[in-house]
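In what follows, chains are A, B, ... by sequence order, proteins preceding strands, each numbered from 1. Here the structure is a predicted model, which means the values were calculated and not measured.
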Amino acid sequence: MREVFVLGVGQSDFGKMPERSIADLGGQAARAAIADAGINSAQIQAVFSSRVYDAMITSQTIMKDLGVTRVEMVNVENACAGGSTAIRSLYKDIAAGFVDLGIAIGVESMTTSPIAGKLIPPDRDDLDGQLGLSMPVLFALQAQRLMATHGATPEDFAQVSVKAHDFGALNPRAQYQKRFTVEEVLASRMIADPITLLQCCPNTDGAAAVVMASADVAKKYAEAPVRVAGSALVSGDYDFRRSDITTLELGARAAALAYEQAGVAPSDVDVVELHDAFASEEIVHYEDLGLCARGDGVGLLRSGATSLGGRIPVNPSGGLLSLGHPLAASGVRVVCDITDQLRGRSGASQVPGAKVGLAQMLGGAATGLDAAAGSVHILTV
Amino acid sequence: MTNPVPLREGLFRETAAGPTLLASCCTACGHTSYPPAPRCLDCGSEAQEPVELGSDGELLCATVVHMGNHRYPPGYTVGYVTMPHGVRVFAQLAISAGEDLPAPGTPMTLEIVPMWREQEQDVLAYRFVPAPGKESAHA
């Protein structure tokens, strides 16, 4: 298997922009990534794109405006982990030697999707969905268990959102560059106890893109390109196999695979970007990613280790909570933000001297599974 | 008036002893699947026998959903209930708005009720009602 490198990253604006098309949003991100890589778009040999809602030929729709035609283009969907799936798919094609240079794109227009302004439901025919389950409900029930088993409090969950917005206030790309207090988060409208509105990621339009290359190509364009040291994508397991709902086992499994491939331990990781669609789940991910011992997630949060200046900052971009969550874009966006961290380009939220970064994304709910798709990528310089 | 239709066939039924969820139990490994599975989800054996989970469970956790959807108005309560054989079931809970959420461990009992209307028919599904006086069947 060949080594794979990130050559360039790019993002579109994030926000509510119903007037902007998929080609427009995706094109903005792709152009930025291509410019960042310093390549010519004609060199691109493969395109993997992901979109959840109303998806059809997303890659071709975007790339035809960039002068890229004829090459292999693949369009994938894996709920919120779709962008990670596009990255993983391109990674495998480069690692296997099928192509030397390609681009992965995630794009979503949430404001024009059929679920605009609604709580994201499972598939139409899903049993639990028919009985009233939606994504915030799933995570609210998990938060209820965190309070029963971990000693978590509503203030802890609110603190996750406060932390995200502290970071987001430093990121010019965030949809909400605004700080909040714990009291303000708790006083916002209740969505599903204990999750309040300011503990939910906003509905957001946006796109992100990553140009990746083999070692031979990468060394022509960058002196020290960011290496994809570990790449994992797994599907969920049966819910009955987990003893409690305070873990998302697929996330732990993806992390273990990526750590093993990269030859790093959780304690080696300098910076993390992860799925914080709902504030409370971040505490679960701390444990699933091995950033702390099982059961210590609340303690890790309270210690400040995951905040700006802490031992292991989590979501220094501002996370989904302040950036917003254009579903399929987020899995690509976390790789963009980790790449920027490892290149020292993250401005006010830069983690000093970051050498090892982890980008995680999870997606999808279906009756009987813990979740649908989980992905972890470990990047190093 | 037309007859109500179940949400799905083979998930639940009324019996002389009360409503029950319908599951399958693997005679090879003993794993119980709900909804019932033609093939064991744990070991893969096709040796499955039907089993009734009954109506008694114990609340694991609950939440009130403050945003409605096309079927349910805001303010409905849902939760996970642990049933016999350790089966964890997601369902709505019959709690009135403003009532306190029942505590984890509260005994719950199943009821089969019309949950919504579709094509001028009531659609039957199940939900749980707190039964604080009742001994939980869950070991």
Side-chain angles (χ1 to χ4, degrees), chain A residues 114-115 117-122 124-150 152 154 157 188-197 199-200 203 236-246 278 280 365-370, chain B residues 6-8 10-12 21 23 26 31-37 40-43 59-83 85-93 95 100-105 113 115-116 118 123 125-128:
Chain A
I115 57 138
K118 297 177 184 165
L119 302 181
I120 297 178
R124 189 169 51 97
D125 296 323
D126 183 76
L127 174 61
D128 289 353
Q130 291 174 325
L131 295 175
L133 189 84
S134 61
M135 298 310 290
V137 171
L138 188 73
F139 286 103
L141 289 169
Q142 183 183 63
Q144 291 285 346
R145 279 303 285 167
L146 286 170
M147 292 196 285
T149 62
H150 282 56
F157 303 143
S188 62
R189 187 159 61 91
M190 187 61 80
I191 301 297
D193 305 56
I195 296 178
T196 61
L197 182 66
Q199 296 169 59
C200 301
N203 263 326
D237 197 359
Y238 293 118
D239 180 56
F240 66 74
R241 296 216 171 110
R242 56 177 177 168
S243 57
D244 199 0
I245 59 173
T246 54
F278 304 98
S280 51
T367 298
L369 298 178
D370 62 342
Chain B
L7 165 65
R8 288 184 200 186
L11 285 185
F12 51 82
L21 291 182
C26 177
H31 177 74
T32 301
S33 296
Y34 177 79
C40 179
L41 299 180
D42 206 13
C43 78
L59 185 68
L60 181 69
C61 54
T63 185
V64 181
V65 188
H66 296 267
M67 276 180 76
N69 63 23
H70 68 288
R71 288 201 180 110
Y72 306 120
Y76 67 95
T77 304
V78 297
Y80 285 114
V81 173
T82 309
M83 298 290 286
H85 302 245
V87 174
R88 193 155 57 219
V89 178
F90 172 86
Q92 292 202 20
L93 309 181
I95 312 279
D100 282 346
L101 281 178
V113 291
M115 292 292 281
W116 71 83
E118 201 168 280
V123 177
Y126 50 86
R127 65 177 181 175
F128 287 92

**OP:** In sequence, state the C-alpha distance, the side-chain angles, and the governing distance for A/Phe157 and A/Phe278, and then conclude on side chain to side chain contact (heavy atoms under 4.5 Å, CB included).
**Re:** CA-CA 9 Å; A/Phe157 303 143; A/Phe278 304 98; over 6 Å; no
Original post:
Which is it for A/Thr367 and B/Phe90 under the side chain to side chain contact (heavy atoms under 4.5 Å, CB included) test, yes or no, and what are the steps along the way?
Top reply: CA-CA 9 Å; A/Thr367 298; B/Phe90 172 86; over 6 Å; no
**OP:** Test side chain to side chain contact (heavy atoms under 4.5 Å, CB included) on A/Tyr238 and A/Leu369 and set out the steps.
**Re:** CA-CA 4 Å; A/Tyr238 293 118; A/Leu369 298 178; 4.2 Å; yes
Original post:
Taking A/Gly132, A/Ala143, A/Pro121, A/Pro194 one by one, which has the highest count of heavy-atom pairs under 4.5 Å against chain B?
Top reply: A/Gly132
Original post:
Given a strict heavy-atom distance threshold of 4.5 Å, which part of A/Ser243 is in contact with chain B: side chain, backbone, both, or neither?
Top reply: backbone
Subject >> Option in A/Met190, A/Met147, A/Gln130 with maximal non-hydrogen atom pairs under 4.5 Å from chain B >> reply: A/Gln130
Subject >> Reported NE2-to-SG distance for the pair B/His31 and B/Cys43, which is rounded to 0.5 angstrom >> reply: 9.0 Å
**OP:** Give the member of B/Val87, B/Val89, B/Asp42, B/Leu11 that has the highest number of heavy-atom pairs under 4.5 Å with chain A.
**Re:** B/Asp42
**OP:** Tell me, for B/Ala62 versus chain A, whether the close heavy atoms (under 4.5 Å) come from the side chain, the backbone, both or neither.
**Re:** backbone
**OP:** Give me the ring orientation class for B/Tyr126 and B/Phe128: parallel if the planes are under 30° apart, tilted from 30 to 60°, perpendicular past 60°.
**Re:** perpendicular
Original post:
Measuring heavy-atom distances to chain A, does B/Arg127 have an atom under 4.5 Å in its side chain, in its backbone, in both, or in neither?
Top reply: neither
**OP:** Check each atom of A/Leu138 against the heavy atoms of chain B and say whether the ones under 4.5 Å are side chain, backbone, both or neither.
**Re:** side chain
**OP:** Name the option with the most non-hydrogen atom pairs under 4.5 Å to chain B; the candidates are A/Leu141, A/Val137, A/Asp128.
**Re:** A/Leu141
Subject >> Segment of A/Ile195 engaging chain B (4.5 angstrom heavy-atom cut-off) >> reply: neither
Original post:
What part of B/Leu101 is in contact with chain A, defined as an atom under 4.5 angstrom from a non-hydrogen atom: side chain, backbone, both or neither?
Top reply: side chain
Subject >> Evaluation steps, side chain to side chain contact (heavy atoms under 4.5 Å, CB included), between A/Leu131 and B/Val78 >> reply: CA-CA 9 Å; A/Leu131 295 175; B/Val78 297; over 6 Å; no
Original post:
How many angstroms lie between atom CE of B/Met115 and atom CZ of B/Arg71, to the nearest 0.5 angstrom?
Top reply: 9.5 Å
Original post:
Out of A/Arg145, A/Gln144, A/Arg189, which one racks up the most heavy-atom pairs below 4.5 Å with chain B?
Top reply: A/Arg145
**OP:** Report the distance from atom CZ of A/Phe139 to atom CD1 of A/Ile245, rounding to the nearest 0.5 Å.
**Re:** 10.5 Å
Subject >> B/Pro35 versus chain A, the contacting section by heavy-atom distance below 4.5 Å >> reply: side chain
